[in-house]
Protein chains: 2
Amino acid sequence: MTATEITDTEITDWESRRPKRADARRNYDAVVEAARAAFARDGVDTSIDEIARSAGVGNATLYRHFPTRDELIAVALAENMAAVHKRGAELAETEEPLVALREWLLATIAQIGTYGGLPDSVLDAAGREGSLLGVTCTHMQETTQALLARAQEAGEIRADVRMDELFDLAAGIAWVISRDSAADTTRAGRLLDLALVGLIARQT
Amino acid sequence: MTATEITDTEITDWESRRPKRADARRNYDAVVEAARAAFARDGVDTSIDEIARSAGVGNATLYRHFPTRDELIAVALAENMAAVHKRGAELAETEEPLVALREWLLATIAQIGTYGGLPDSVLDAAGREGSLLGVTCTHMQETTQALLARAQEAGEIRADVRMDELFDLAAGIAWVISRDSAADTTRAGRLLDLALVGLIARQT
DNA sequence: ACCTGAACACCGTTCAAGT
DNA sequence: ACCTGAACACCGTTCAAGT
């Protein structure tokens, strides 16, 4: 797999999920907006009923649109995810291999660490079939694979590093970041750089 | 802080919590054992009521002994924690600084990653006052600090690495490990080594 | 001193009844 | 086609009543 295989397909696919009828669409959007606020404040494990309540909608209406919690999470993230993914494609074309990989990982960490508990949901959904969040996860992994391979072909990243290991480290950092709302991108960058450069002192 | 400051104080303190009366002690032990089994199978967020049920005890009895979930977790881990902590003190005396630090981090990761959801509980309890699990966490951080300082004084670990950063990385790896029961110590060691040595390729 | 069952408020999920 | 309130089973926590 090479960097050129990064595509935009299916990324905006979720738009097709929005209902056509006006009242339904209004409810749908209200739920997504309420979910974003609730997730940001209390994490992705917050009460579904309360999201429905604060959206001014019956809980069963929420379930009609989003049968599983994962779908609600995936849709709440979708817009930002599209931006991140687009950025990944750009990076592969404009930046040096190592810089591109680093920037991509940072964006990925920020995305996965957006809400408390999100890293768990992402990895839970990773393998599961028919999971909207799982599709999102797969996309991130494919881009990670492409940018990793590019950096390895350029001899800038150790050849023995596997994508899933890199993704695990990124997910771990995202988990740490997502745990306190105080932690900013700076901290994520610091932890990522530690892992990239290594903790062991070099003889100079 | 130096390596010699590692002590065993308060580690076996939890023993004083065991009730003196025979029937109470029997219930107490049954709850702890049931909790270990339940945590191992379903993670630390499993139902308290079910633990009580499988221990053959009323749920309120469980709450009498363990008013918070954290206390139950802390006691369930206590024996093993004592062993890990003892190992930390040994390592500081018998092993080379870098080896000692690595072994310690591996033991810490294994301990924090024992149960699903445990990394979350540990970091939640980290700062909280009066938390038994928080005390455990503080102990681990003190030992980490001591072994890190030792390795830095020997010039084997970069001088700019802070303890909390190292602990964050270890906790992140523990979180990844705790997420699938299939992952063994080998994987933890691999991820730890990646972070120690770094991902960037070296010119030879 | 210790245990218990019941009570309370909450949540996720489903479903029959409505427009 | 879409929405709703109610119902069901579950959980964490507390408390009055027991020995």
Side-chain angles (χ1 to χ4, degrees), chain A residues 16-35 38-39 41-76 115-117 120-121 124-125 128 130-133, chain B residues 16-35 38-39 41-76 115-117 120-121 124-125 128 130-133:
Chain A
S16 66
R17 294 172 47 95
R18 281 180 82 204
K20 284 111 183 70
R21 237 175 70 172
D23 59 340
R25 169 168 302 209
R26 211 177 320 121
N27 282 337
Y28 181 94
D29 289 343
V31 167
V32 173
E33 203 47 56
F39 290 162
R41 192 176 52 246
D42 305 317
V44 294
D45 291 324
T46 192
S47 160
I48 292 281
D49 278 26
E50 195 160 280
I51 292 175
R53 226 173 297 144
S54 81
V57 167
N59 56 354
T61 298
L62 191 155
Y63 275 97
R64 160 173 279 270
H65 292 307
F66 311 97
T68 69
R69 176 179 239 105
D70 277 8
E71 293 185 48
L72 182 52
I73 297 172
V75 172
Y115 303 133
D120 270 283
S121 298
D124 276 338
R128 212 166 43 238
S131 159
L132 202 57
L133 196 54
Chain B
S16 66
R17 293 172 49 96
R18 280 180 82 205
K20 283 111 183 69
R21 239 174 68 172
D23 59 340
R25 170 169 301 210
R26 210 179 319 122
N27 281 337
Y28 181 94
D29 290 342
V31 166
V32 173
E33 203 47 57
F39 289 162
R41 192 177 49 247
D42 306 317
V44 295
D45 292 323
T46 190
S47 160
I48 293 281
D49 278 26
E50 195 160 280
I51 292 175
R53 225 174 296 143
S54 82
V57 167
N59 56 353
T61 298
L62 191 155
Y63 274 97
R64 159 173 281 270
H65 292 306
F66 311 96
T68 70
R69 177 180 238 105
D70 277 8
E71 294 186 46
L72 182 53
I73 297 173
V75 172
Y115 302 133
D120 270 283
S121 297
D124 275 339
R128 210 167 45 238
S131 159
L132 201 59
L133 196 56

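First the proteins, then the strands, lettered A, B, ... as listed; each starts at 1.
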Output the rounded distance in Å from CZ (Arg26(A)) to P (dT4(D)). 11 Å
Calculate, to the nearest 0.5 Å, the distance between atoms CZ and NE2 belonging to Arg17(B) and His65(B) respectively. 10.0 Å
Validation row: Ile73(B), Phe66(B) side chains within 4.5 angstrom (heavy atoms): no
Using the side-chain contact (heavy atoms from CB on, under 4.5 Å) criterion, which residues pair with Ala52(B)? Sequence neighbours excluded. Asn59(B), Leu62(B)
With distance as the sole test, does Arg25(A) use its side chain to make a donor-acceptor pair with the main-chain N or O of Lys20(A) at under 3.5 Å? no
Is any side-chain nitrogen or oxygen of Arg53(A) closer than 4.0 Å to OP1 or OP2 of dC11(C)? yes
Any protein N or O atoms within reach of nucleotides 1-3 of chain D? Criterion: under 3.5 Å, listing atom names and distances.
residue: dC3(D); atom: OP1; partner: Asn27(A); partner atom: ND2; Å: 2.5
residue: dC3(D); atom: OP2; partner: His65(A); partner atom: NE2; Å: 3.3

Per the salt bridge (charged side-chain N to carboxylate O under 4.0 Å, His left out) rule, what does the pair list look like for residues 60-70 of chain A, sequence neighbours excluded? Asp70(A)-Arg128(A)
Once each nucleotide of nucleotides 12-19 of chain C is scored for protein heavy atoms under 4.0 Å, what B/S/- sequence comes out, 5' to 3'? BBBB----
Heavy-atom pair with the smallest gap, counting every atom of Leu133(A) and Ala74(A): N-CB, 3.8 Å
Asp120(A) and Asp120(B), any side-chain heavy atoms less than 4.5 Å apart: yes
Looking at every heavy atom in both Val44(B) and Tyr115(B), which two are closest together, and how far apart are they? CG1-CB, 3.7 Å
Could you give the side-chain donor-acceptor pairs of residues 26-34 of chain A under 3.5 Å, partners two or more places apart or in another chain?
residue: Asp29(A); atom: OD1; partner: Arg18(A); partner atom: NE; Å: 3.2
residue: Asp29(A); atom: OD2; partner: Arg18(A); partner atom: NH2; Å: 2.7
residue: Glu33(A); atom: OE1; partner: Arg36(A); partner atom: NH1; Å: 3.1

Starting at the 5' end of DNA chain C, write a dot or bracket for each base, bracketing those in Watson-Crick or G-U wobble pairs whose two distances are under 3.5 Å and using | for partners on another strand. ||.|||||...|||||.||
